[in-house]
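Both counts, for ligands and for their atoms, begin at 1 and track the order of listing. Counting from 1, the numbers follow the sequence of the chain as shown.
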Amino acid sequence: MKQRVLVASNRGPISYEFATDGSLTGRRGGGGMIAGVTSGLAAVAPQTDVTWICAALSDADRAVAQQEGGTRDQGGIPVRMLDIPPDTFDRAYNNVANSTLWFLHHLLFDNPNQPQFGRQFQRDWQSYRTYNETFADALAQEARPERCAGDVRMLVQDYHLSLVPRMLRERLGGTAREAGIAHFCHIPWAPPDYYRILPLEVGRAVLDGILGADHAGFHAARWAVAFLDCCTAILGADVDRTGTAGTGPEGTGSAGTGPAGTDVAGTVGRVSYRGHVTEVAVHPMGVDADGLRARARAEDVRAHIGTLNRIAGGRKLIVRIDRTELSKNIVRGLAAYRELLATRPQWRGRVMHLAFAYPSRPAVPEYRAYTERVQQLAREITEEFGTADWNPLILEVKDDYPRSLAACALADVLVVNPIRDGMNLVAQEGPVLSERGCAVVLSREAGAAATLAPDALLINPYDISETAEAIHQALSMPDAERQRRSAALAATATAFRPARWLGDQLARLET
Ligand code: G6P
């Protein structure tokens, strides 16, 4: 009897669009969570009976969701889309998940003005509850004994679905003991003083929701420890902090099995609350190096490599690839490049910055304003330094996956400077795909710093001068050192490949 594995996430591995003739065409879902879960599932799919449950995001998705069962096969994995009323979805996704929980955990609120928790938020919060209930109902239905006679394991993804584990436990009753429930948070977690911004009952519900799981996972020890701190401070839960994962030196949540002699992966503790124990652990997500490299050998990527090489004209390439999210710190990254050119004129004409800033969450007003600031600053840099035969900066805002892979292959320097980031896969994909070795300038506030710190150039993401200096160092680095660091970063990224990320969580549910 195959073990049944149910994955639940807001965005699924595919989203549909209507073609002009009314037929459905599918598009791969974006973002690090999708890439990691898809790759992790591929490794366990042959031995398990998997279903992936996600929200219908487009009208075409809704059409699929309304078909009988709402389930379609995507690369060998049945994907079931849930048809959630658009208003409910909008309030849950845009207003609560993206405008409240995302801002909270990334410490992004413009505090003098936002957030404001009034009547409108109460309505939004009710929608978030309803949206979570829809997922809990679907998971409970998929886990019915007649649907799966053997064990069932449920992997609930991210901050959109923080209430689902508790709701599921309530729905499954006694059978919850046989059905292992894991929750994984792909973004950072706020410290208690900041977390307290949430209305008390909301803050408690989010923690209590996750504590319905048997296992709660995070990408870095810092986030897992912050979660434990909130369980103590907000819930008064009983927290046992004995675990195998360390937080490493200087609060970086560092350091592999490296400098601090601590592990970046493993348990950080256990929370007992309402008669149930939740194990809290760190599972850093790396990348599927073989799959990525195979993809990068495809013709479309090779064609982009040719084009980008021609554009660079032998100059060193400084690359950044982000979704245009407020947490990605693109404006300060561009400001650091401007400072580099202003203070170290020797690089003028000898470098080129490729900044790929792809659209994200256009429904959130702050995102639209941020996108404009990024474009404005890019124009200023080009006007200030550009010459007849040198374009210092190319900003691309149209999402192009093969072109991103090509840029990773060619980068001499990769800039990954988020204000705060759960993990960040680009920092790992760059070295894995690099063809001549790339130096990574990495924010110490990215979860990836916990694993990559020894071989990256770490920066304070708020310090533009320090970032400019790190880019200068990266550009000046001897080839041999750059290649050695790049190979070490690629090895670390590969060690934490998604198959291990997912397999370790399933294994913890067995205990
Ligand atoms: C980032 C986060 C993921 C999250 C995703 C949602 O990639 O790292 O944890 O699931 O954003 O993005 P979306 O486009 O679906 O709002």
Checklist entry - Side chains of Arg72 and Val79: does their closest heavy-atom pair fall under 4.5 Å? => result no
Item to check | Close side-chain approach of Leu163 and Glu133, heavy atoms under 4.5 Å | outcome: no
Short N or O distance, [X] and ligand 1, threshold 3.5 Å exclusive:
X	value
Arg11	yes
Arg361	yes
Ser360	no
Glu325	no

Checklist entry - Can you list the ligand 1 atoms lying under 4.0 Å from a non-hydrogen atom of Ile187? => result 9 (O)
Next on the checklist: Please list, in number order, the atoms of ligand 1 under 4.0 Å from a heavy atom of Tyr93.
Outcome noted: 13 (P), 14 (O), 15 (O), 16 (O)
[atom] [closest protein heavy-atom partner, distance rounded to 0.1 Å]:
atom	value
atom 4 (C) of ligand 1	Asp158 OD2, 3.2 Å
atom 5 (C) of ligand 1	Arg323 NH2, 3.5 Å
atom 2 (C) of ligand 1	Trp102 CZ3, 3.9 Å
atom 8 (O) of ligand 1	His186 O, 4.0 Å

Next on the checklist: For a salt bridge (charged side-chain N to carboxylate O under 4.0 Å, His left out) check, start with the C-alpha distance between Arg169 and Asp214, then their side-chain angles and the critical distance, and finish with the verdict.
Outcome noted: CA-CA 10 Å; Arg169 186 158 290 281; Asp214 302 294; 2.9 Å; yes
Checklist entry - Do NZ/NE/NH1/NH2 and the carboxylate oxygens of Lys398 and Asp400 come within less than 4.0 Å? => result no
Item to check | Charged N-O contact under 4.0 Å between Asp49 and Arg4 | outcome: yes
Next on the checklist: Among Val319, Leu334, Ile394, exactly one meets side chain to side chain contact (heavy atoms under 4.5 Å, CB included) together with His353. Which residue is that?
Outcome noted: Leu334
Checklist entry - Side chains of Ser404 and Tyr358: do they bring a donor and an acceptor to under 3.5 Å? => result yes
